[in-house]
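A quick write-up on the structure given underneath.
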Amino acid sequence: MFIAAVARPRFDENVIVLFSGKIGIFSFVVKEPAQRNSKNRTAGTMETKPIQSVTKDITRACWIDKVLPAIRAKWPASDSNNPIFLQQDNARPHIGNDFKFIEAARQDGFDIRLCFQPSNSPDLNVLDLGFFGAIQNFQYHKSPKNVDELVEAVEISFDEMKAKQLNHVFLTLQC
């Protein structure tokens, strides 16, 4: 499972990219030592495993420790005085108006707000309908064989997505 943070890219009048819109993609994995020997590795070798149950606490930590710092680092300075809305679907582990998140989101002069996508509104779900479909196509060409390779393939696919493709996703779903 991943949290992807994207925004609509910004271009100048000559269609030169000013802001790619790509904030980051963050995986829900842990590194643990292997408990037993196998033909692939010895006991004690660090292996990557997906987090089996993503809870509100894990989601909150990802938003606060990974997503918010990435937004602050990459967000265009010209838009930093405008509110930034982070949209999430209505899955149970997602956080609502959480005090810890709100406190962290208000730091450094940013106005970052968390909101839920309206129920049964796939037309407002840019990530599922457009973005993940586009990077999934890239990722399929990599044929990952384990969790590390899958995470790497998704991250590479995220990096390879061009700002114009991401903009097209937003424009397609804008109608």
Side-chain angles (χ1 to χ4, degrees), residues 1-7 9 19-75 84-108 110 112-117 122 125-163 165-166 169:
M1 183 172 166
F2 296 87
I3 284 185
V6 295
F19 170 59
S20 71
K22 297 188 297 184
I23 304 294
I25 191 155
F26 310 95
S27 59
F28 288 99
V29 295
V30 293
K31 297 244 184 215
E32 298 178 342
Q35 294 181 355
R36 296 177 195 76
N37 288 328
S38 79
K39 65 178 182 175
N40 298 322
R41 51 158 172 62
T42 60
T45 302
M46 296 302 285
E47 58 182 356
T48 304
K49 294 185 176 186
I51 295 175
Q52 294 299 318
S53 180
V54 177
T55 63
K56 285 186 187 290
D57 291 335
I58 292 170
T59 302
R60 179 186 306 108
C62 184
W63 281 112
I64 293 172
D65 299 335
K66 296 178 182 176
V67 178
L68 291 178
I71 290 170
R72 288 186 187 98
K74 295 181 180 179
W75 199 257
I84 300 169
F85 292 93
L86 305 179
Q87 179 180 299
Q88 59 184 348
D89 62 19
N90 293 296
R92 285 183 191 257
H94 292 172
I95 59 174
N97 286 328
D98 182 85
F99 177 73
K100 289 179 184 176
F101 175 82
I102 292 170
E103 188 177 286
R106 302 279 178 189
Q107 293 175 359
D108 300 327
F110 281 84
I112 302 173
R113 305 173 192 178
L114 196 58
C115 62
F116 287 101
Q117 151 190 331
N125 194 338
V126 171
L127 291 176
D128 284 347
L129 292 178
F131 182 71
F132 280 130
I135 68 168
Q136 189 173 38
N137 186 35
F138 291 131
Q139 177 258 317
Y140 278 153
H141 295 291
K142 310 266 190 258
S143 301
K145 294 175 180 44
N146 59 42
V147 176
D148 282 323
E149 289 179 10
L150 174 64
V151 169
E152 181 182 11
V154 170
E155 289 172 350
I156 289 170
S157 298
F158 179 84
D159 292 339
E160 288 177 353
M161 182 171 223
K162 296 184 179 9
Q165 291 172 293
L166 182 56
V169 169

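On a predicted model such as this, the values are computed, not experimentally measured, just so you know.
- Here the side chains of Lys49 and Val147 are not in contact, with every heavy-atom distance at 4.5 Å or above.
- No side-chain heavy atom of Leu68 sits under 4.5 Å from any side-chain heavy atom of Phe110.
- Taking the side chain as every heavy atom from C-beta outward, Pro50 and Phe28 never approach each other to under 4.5 Å.
- The two residues Arg72 and Arg106 come nearest to each other via the heavy atoms NH2-N, 4.5 Å.
- Summarising the geometry, atom CD belonging to Glu155 is positioned 9.5 Å from atom CG belonging to Leu150; distances are rounded to the nearest 0.5 Å.
- For the ring pair (Phe, Tyr, Trp, His ring centres under 6.0 Å) test, residues two or more places apart in sequence or in another chain that qualify with Phe19 are Trp75.
- Scanning both residues, Ser53 and Ile58, for their nearest heavy atoms gives O-CD1, 3.7 Å.
- No side-chain donor-acceptor contact under 3.5 Å links Thr42 and Asn37.
- Between Lys31 and Asp148 there is a salt bridge, since a side-chain N of the basic residue sits under 4.0 Å from a carboxylate O of the acidic one.
- Minimum interatomic distance between Phe158 and Ala5 (heavy atoms only, all atoms of both residues): CZ-O, 4.3 Å.
- No side-chain heavy atom of Gln87 sits under 4.5 Å from any side-chain heavy atom of Phe116.
- Put simply, CD on Glu32 and OG1 on Thr45 are 13.5 Å apart, with the number rounded to the nearest 0.5 Å.
- Closest of all the heavy-atom pairs between Lys74 and Lys22 is CD-O, 3.7 Å.
- Side-chain atoms of Gln165 never come within 3.5 Å of backbone atoms of Met161 as a donor-acceptor pair (strictly under, hydrogens ignored).
- Here the side chains of Arg113 and Leu86 are not in contact, with every heavy-atom distance at 4.5 Å or above.
- Distance CZ/Phe101 to CD1/Ile112: 6.5 Å, rounded to 0.5 Å.
- Residues Val154 and Ser27 form no side-chain contact, since every pair of their non-hydrogen atoms from C-beta on lies 4.5 Å or further apart.
- Looking at heavy atoms from C-beta onward, Ile51 lies out of side-chain contact with Val29 at the 4.5 angstrom threshold.
- The heavy-atom pair separating Pro33 from Met46 by the smallest distance is N-SD, 3.7 Å.
- The list of salt bridge (charged side-chain N to carboxylate O under 4.0 Å, His left out) pairs with a residue in residues 52-71, not counting sequence neighbours, reads Asp57-Arg60, Arg60-Asp98.
- Ile23 has its side chain out of reach of Val6: every pair of non-hydrogen atoms, C-beta onward, lies at least 4.5 Å apart.
- In this structure, OG1 on Thr59 lies 5.5 Å from CD1 on Ile3, to the nearest 0.5 angstrom.
- Nearest heavy-atom pair across Lys145 and Glu149 is N-OE1, 2.8 Å.
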